[in-house]
Structure formats: structure tokens, C-alpha cells
Amino acid sequence: MFVISGPSGAGKGTVIQELLRRRPEIALSISVTTRPARPQERNGVHYTFVSESEFKGMRDRGELLESARVHGNFYGTPRPPVEAALASGRDVICELDIQGAESVKRSKPEAILIFIEPPSMDDLHRRLRNRGTESPNDMSTRIDAAYAEIKRKEVYDHIVINDRLEDAVGDLVRILDS
Ligand code: 5GP
């Protein structure tokens, strides 16, 4: 199991999509979230979008491998698809925040934690602005969270700097293959 984390705007989504194009045998965990969908996001593809009561029901029934509150919304990793993929010998990638990464490491110590870092904070600001999907208030929450996350990156087994997409994906492939 591979956990990928990194600040909002570090380009995790793009790096993961490119990795999956090169390694289609890897299973990607689709998280559930109570966050409203962004315009380009599709239910069941980027996330499964649920209400808060649906989320709490899943969590209380033990259907989530881990769950956390991030930027005021709930996110969680559905357990059955991850267990099924691992049981069939597939590698699984989960994109989680640091709370999720630490909780997976506790329940599955063999999991490999990877942190994707932007080349600089200026770059992160620019990417978030260009994405244009967050309100100014949400953007500043995410920038504050980015500083906090980068300070704690020593929790991770590997750090990948996403400067050029090709290089970042190459680094990830090497980590997975090793
Ligand atoms: P976003 O709203 O930008 O899609 O995600 C916000 C944060 O939530 C990101 O740091 C992302 O990695 C994290 N996240 C997404 N899905 C999950 C999940 O299932 N569990 C946890 N713990 N964090 C998640």
C-alpha cells in the first residue's frame, strides 16, 4: 500500500494520473468526502461524494480504513476495495492528508508513505491561484495547511519534489518498483 500526501496545489492529482497511465495494474483508492464536488469532478471517479450522515454511518460501521477532517470537510478511505485489491496482489495508492498517512502507517506498518512537495511556496501559491477552484478564504486555509504539512514531512518514507512532471513521475515509479 502506498500513501501519497502533499499540500493542496502541489500537483499530486496530475502526478498520480500520469503514474496510473504508466502502471495501469495499480489500484487507486477512491475516497469518500463530504466536500462539495468541484466543477470538473465526477462522483465515483475523483471521490464518492456523500452527506455528513452517510459519512458518519460508514465510519461508525467500521467501513473506513481511516478517516479525517481536513479543511472543515470529512474524508475517508473505504476499506473493502483496498482490502480486496491487496488480497488479489495488487498495489494500492491512496491520496491522504498527513492524519490519514499516520493512521494507515499504524494499522499497516508495511505501507510506504510518499510526500509530494512543490518546488517552492511561490510555486504553490501560483498553482492554487491558477486552479481557481477555491474561494480566497479556502485558499488561505490551504496555504496555512501547506506550511504545517511541509514542517512534518519527516513522517514520510520518501519525498518527491514536483518540479517537472516527468521527473516526479519517474521518481515515483522508481519508489514503487523498489
Ligand atoms: P481536496 O479537497 O483538495 O481534494 O483534498 C484535501 C485534502 O484531503 C488533501 O490533502 C487530500 O490528500 C486529503 N484527502 C483526500 N482523501 C482523503 C481520505 O480519504 N482520507 C484522508 N485522511 N485525507 C484525504
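In each ligand, atom 1 is the first atom listed, and ligand 1 is the first ligand listed.
- Side-chain atoms of Leu28 and Ile16, non-hydrogen and from C-beta on, do get closer than 4.5 Å to each other.
- Closest heavy-atom approach to atom 14 (N) of ligand 1 among the candidates Lys12, Glu95, Glu149: Glu95.
- Of the protein's heavy atoms, Asp97 N, 3.7 Å lies nearest to atom 13 (C) of ligand 1.
- Remark: ligand 1 and Glu41 share no N or O pair separated by less than 3.5 Å (distance only, no angle test).
- A donor-acceptor distance shorter than 3.5 angstrom exists from the side chain of Ser140 to the backbone of Asn137, with no hydrogens or angles considered.
- Put simply, the side chain of Lys105 gets close to the backbone of Ala111: a donor and an acceptor are under 3.5 Å apart.
- Considering backbone and side-chain atoms alike, Ser67 places every N or O at 3.5 Å or more from each N or O of ligand 1.
- Using a 4.0 Å heavy-atom cutoff, Ser5 is absent from the residues neighbouring ligand 1.
- With hydrogens left out, the protein atom closest to atom 6 (C) of ligand 1 is Tyr75 OH, 3.5 Å, a heavy atom.
- Ligand 1 lies nowhere less than 4.0 angstrom from a heavy atom belonging to His46.
- In terms of polar-atom proximity, Arg131 is not counted as a contact of ligand 1, lacking any N or O under 3.5 Å from an N or O of the ligand.
- Salt bridge status for Glu166 with Arg164: absent, with no side-chain N to carboxylate O gap under 4.0 Å.
- Residue contacts with ligand 1 for Val70 involve side-chain atoms from C-beta outward but no N, CA, C or O (heavy atoms, distance under 4.0 Å).
- Taking 4.0 Å as the cut-off, Gln99 does not count as a neighbour of ligand 1 on heavy-atom distance.
- Put simply, OG on Ser8 and CZ on Arg127 are 11.5 Å apart, with the number rounded to the nearest 0.5 Å.
- Here the side chain of Gln99 pairs a donor or acceptor atom with the backbone of Arg69 at under 3.5 angstrom.
- For ligand 1, none of its N or O atoms has an N or O atom of His71 under 3.5 Å away.
- Panel note: side chain Thr34, backbone Phe74; a donor-acceptor pair is recorded below 3.5 Å.
- Remark: side-chain polar atoms of Arg79 are paired, donor with acceptor, to backbone N or O of Gly62 under 3.5 angstrom.
- Of all protein heavy atoms, the one lying nearest to atom 16 (N) of ligand 1 is Ser31 OG, 3.1 Å.
- Considering only residues two or more places apart in sequence or on other chains, Tyr156 meets the ring-ring contact (aromatic ring centres under 6.0 Å, His included) condition with Phe115.
- Close approach to Thr77 involves these atoms of ligand 1, each under 4.0 Å from a residue heavy atom: 19 (O).
- Scanning the protein heavy atoms around atom 4 (O) of ligand 1, the nearest turns out to be Tyr47 OH, 2.5 Å.
- Between Tyr75 and Phe55, the ring centre distance reaches or exceeds 6.0 Å.
- The proximity of Arg69 to ligand 1, defined as any non-hydrogen pair under 4.0 Å, does not occur for either the backbone or the side chain.
- If you number the atoms of ligand 1 from 1 as listed, the ones under 4.0 Å from a heavy atom of Ala68 come out as 22 (N).
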